[in-house]
Amino acid sequence: MANEDKFKKVISHAKEYGYVFQSSEIYDGLSAVYDYAQNGAELKKNIRDYWWKAMVQMHDNIVGIDAAIFMHPTTWKASGHVDAFNDPLIDNKDSKKRYRADVLVEDYCAKIEGKINKEVKKAEKRFGDAFNKDEFVSTNGRVLGYQEKIDTILKRLGQSLENEDLADVKALIEELGIADPLSGSKNWTDVKQFNLMFGTKLGASADTAMDLYLRPETAQGIFVNFLNVQKTGRMKIPFGIAQTGKAFRNEIVARQFIFRMREFEQMEMQFFIKPGTQKEWFEYWKDTRLKWHKSLGMGDDNYRFHDHEKLAHYADAATDIEFNFPFGFKELEGIHSRTDFDLKQHEEYSGKKLQYFDHEDNENYTPYVLETSIGLDRMFLAVFSNSLVDETLEDGTVRTVLKLPAVLAPTKAAVLPLVRKDEALTKMAKTIVDDLKWEFNVAYDEKDAVGRRYRRQDAAGTPFCITVDGESIEDNTVTIRHRDTMEQKRVNVEELRDIIKKEVDVKEWLMKMK
Ligand code: ATP
């Protein structure tokens, strides 16, 4: 399936199976805002829990907090967001469409990268088993030419943005002949900066009301609480503070479904360390976070690191973990070495000391910070899109199956009485549901032929179907069918709990990080 078709299928499947709805749909929707439906809310919660367990529960030096969305407005002066949380935007004069200037250039480079991939595929075919990809891309003249072109463009873009030289960003777009992807027009305005924070007001009367922002990241709620947590938790450096919560950005270009939203959720962790140790911790967190992703078994080749050319004002090193989304490799998580920038800024703006006394070295210092920051919605999209497959079966029919990692699946098992009208079967099926629901999310489904019910549960991502039939009443056995293999086994009802647990238990999955 072409990537664009695949992405369309992801969006429609997410709606049809109760995962994601457009916000306020009956009023024609609100752009780049989405609601999580009955299954989506469960999947999202399971992803959040999987992250929280790996970060907070499994690290005895990381604790979690839940800071408010509203913060004192000076927070955002100190953090640099009021002055520098901007995106460079450009308008097309003919189509009146607005774009992020940097994204136009990056997309142009992605097209050149597509050409590299084509060359690689061609060579792979030609050389067969003897093909060595690393050698090919480092020696083939055409590939090297493409790569050099990409590097030169991105370097220039990085430098122009760094130097706030927006005229050069426009010049670059014109030199590359980039056209509006929708209309094909090359009639561009100048590039301007646009602040991404949403403003609101606190207070009743117009003259005393205070201007506030909806937080554009959760991290600042951690920085301003650094000393409170360190003291009350008697935390010793190195230690981390984690939190999950909503963030808001007035994104200029907000297409691509839940990849780029105006209201979204982040899962962030700030790790406070001794100055000078940031390189080691940067490597440690790169490695640990990648292992977390890989533990979900979504294909090791679907991840890659992308080191930042242009560093944010606070960072001395930064990388993205990119994931192979239906529209190509894009940022899923950021890992940033933020130095002591944030704590120092908050010290300056608040006039309060935010330092740590290191008893071992007998010295006071402002800790450095390593941050891991992942969008929960983007992770949701990664999991959902990667899991959705159309499988051609031996008899030539196609089944759509959502192969979610079982640990994340909203419903772990569906219990199906073979015949709806047989009261003994429905009663037994309901008893099994009542028993299993203490531990797992289970569903009861009696409508339609059993084959159709299997397909429905496959498409909804349920790892197990348990079928109760005539034999069940006699010997207390049922069939348990596995979503991915479609294998069916006859087991005793007493065994169900252990069979399901083995496949959905968080411990079994997180152990894969070892
Ligand atoms: P991008 O370059 O895609 O705009 P960013 O570099 O601005 O992302 P960060 O500020 O590093 O993103 O935010 C950390 C994480 O939060 C990102 O890796 C992403 O997963 C998520 N995120 C950021 N912006 C959005 C958004 N508008 N919608 C959904 N998730 C987002």
Side-chain angles (χ1 to χ4, degrees), residues 20 23 30-36 40 44 47-48 51 76 79-81 84-89 99-107 109-110 154 157-158 161 194-198 214-222 242-270 285-286 289-290 292-293 303-315 317-323 325 327-338 341-342 369-385:
V20 183
S23 157
L30 187 62
S31 154
V33 186
Y34 291 89
D35 296 339
Y36 287 89
K44 197 172 168 202
I47 297 173
R48 193 191 293 112
W51 181 87
W76 306 110
S79 68
H81 283 83
F85 194 53
N86 300 319
D87 273 346
L89 68 85
Y99 296 94
R100 256 175 72 174
D102 54 336
V103 172
L104 284 178
V105 176
E106 281 165 9
D107 286 350
C109 292
L154 290 182
L157 175 71
L161 291 173
F194 175 80
N195 193 289
L196 298 182
M197 282 198 293
F198 282 104
L214 297 183
R215 66 180 177 196
E217 63 174 27
T218 58
Q220 298 304 323
I222 290 179
Q243 85 168 319
T244 70
K246 287 276 173 117
F248 304 82
R249 295 182 188 179
N250 199 358
E251 298 281 2
I252 305 166
V253 184
R255 285 182 227 112
Q256 296 178 319
F257 194 38
I258 55 171
F259 180 82
R260 190 175 299 287
M261 302 157 90
R262 299 205 161 102
E263 172 180 342
F264 59 101
E265 191 164 337
Q266 289 186 313
M267 307 191 285
E268 296 199 298
M269 193 277 304
Q270 266 65 42
W285 282 110
K286 271 175 76 171
R289 292 303 303 147
L290 190 62
W292 180 83
H293 286 285
Y303 303 90
R304 70 180 189 196
F305 284 115
H306 171 243
D307 295 330
H308 286 206
E309 300 268 329
K310 178 193 178 232
L311 291 171
H313 55 278
Y314 51 74
T319 195
D320 297 335
I321 296 178
E322 293 188 338
F323 183 75
F325 287 97
F327 37 83
F329 275 95
K330 293 271 177 210
E331 172 177 347
L332 170 59
E333 169 158 8
I335 297 165
H336 311 127
S337 174
R338 287 181 83 126
F341 175 84
D342 302 86
V369 171
L370 253 153
E371 161 181 272
T372 69
S373 174
I374 173 168
L376 176 49
D377 314 85
R378 254 183 221 187
M379 184 63 195
F380 184 112
L381 181 59
V383 171
F384 193 89
S385 58

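As the structure is a computational prediction, the values presented were derived from the model and not from experiment. Whatever order the structure lists them in is the order used to number ligands and atoms, beginning at 1.
Remark: minimum distance from atom 23 (C) of ligand 1 to any protein heavy atom is reached at Arg249 NH1, 3.5 Å. Nearest protein heavy-atom contact of atom 14 (C) of ligand 1 is Ser373 OG, 2.9 Å. The protein atom (non-hydrogen) at minimum distance from atom 29 (C) of ligand 1 is Phe259 O, 3.3 Å. Residue, atom and distance of the protein heavy atom nearest to atom 13 (O) of ligand 1 are Gln266 NE2, 3.4 Å. Protein heavy atom nearest atom 6 (O) of ligand 1, with residue, atom name and distance: Glu331 OE1, 3.2 Å. At the shortest separation from atom 4 (O) of ligand 1 among protein heavy atoms lies Arg260 NH1, 2.7 Å. Considering only non-hydrogen protein atoms, atom 22 (N) of ligand 1 sits nearest to Phe264 CE1, 3.5 Å.
Judged by a 6.0 Å distance limit and a 45° cone about the ring axis, Lys286 is positioned over the six-membered ring of Phe305.
Using the six-membered ring where Trp is involved, Phe325 and Phe327 have ring planes that are parallel, under 30° apart on the 30 and 60° scheme.
When each atom of ligand 1 is checked for a heavy atom of Glu333 under 4.0 Å away, the hits are 18 (O). Annotation for ligand 1: atoms under 4.0 Å from non-hydrogen atoms of Leu332 are 18 (O), 20 (O). Near Arg100, meaning under 4.0 Å from any of its heavy atoms, are these atoms of ligand 1: 4 (O). Residue Gly375 has at least one heavy-atom neighbour below 4.0 Å for each of these atoms of ligand 1: 15 (C), 16 (O), 19 (C), 20 (O), 21 (C).
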Run the salt bridge (Lys or Arg N to Asp or Glu O under 4.0 Å) test on Arg289 and Asp320 for me, step by step, so that the C-alpha distance in whole Å, both residues' side-chain angles and the decisive distance to 0.1 Å come before the verdict. CA-CA 11 Å; Arg289 292 303 303 147; Asp320 297 335; over 6 Å; no
Go through it in stages, so that I can follow the logic: the residues are Trp76 and Arg215, the test is side chain to side chain contact (heavy atoms under 4.5 Å, CB included), and I'd like the CA-CA distance, side-chain angles, deciding distance and then a yes or no. CA-CA 8 Å; Trp76 306 110; Arg215 66 180 177 196; 3.5 Å; yes
Can you check side chain to side chain contact (heavy atoms under 4.5 Å, CB included) on Leu376 and Trp51, steps first, answer last? CA-CA 9 Å; Leu376 176 49; Trp51 181 87; over 6 Å; no
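One finds no salt bridge joining Lys44 and Asp35 here, because no Lys/Arg side-chain nitrogen approaches an Asp/Glu carboxylate oxygen to under 4.0 Å.
Taking the six-membered ring wherever Trp is involved, the centroid distance between the rings of Phe323 and Tyr303 falls below 6.0 Å.
Within the 4.0 Å heavy-atom cutoff, Glu106 does not count among the residues contacting ligand 1. Put simply, part of His336 is less than 4.0 Å from ligand 1, judged by heavy atoms.
Side-chain N or O atoms of Arg249 include one that pairs as donor or acceptor with a backbone N or O of Pro216 at under 3.5 Å.
When the heavy atoms of Met261, Arg262, Arg378, Glu251 are ranked by distance to atom 19 (C) of ligand 1, first place goes to Arg378.
A donor and an acceptor atom, one from each side chain of His81 and Gln220, are nowhere located under 3.5 Å apart.
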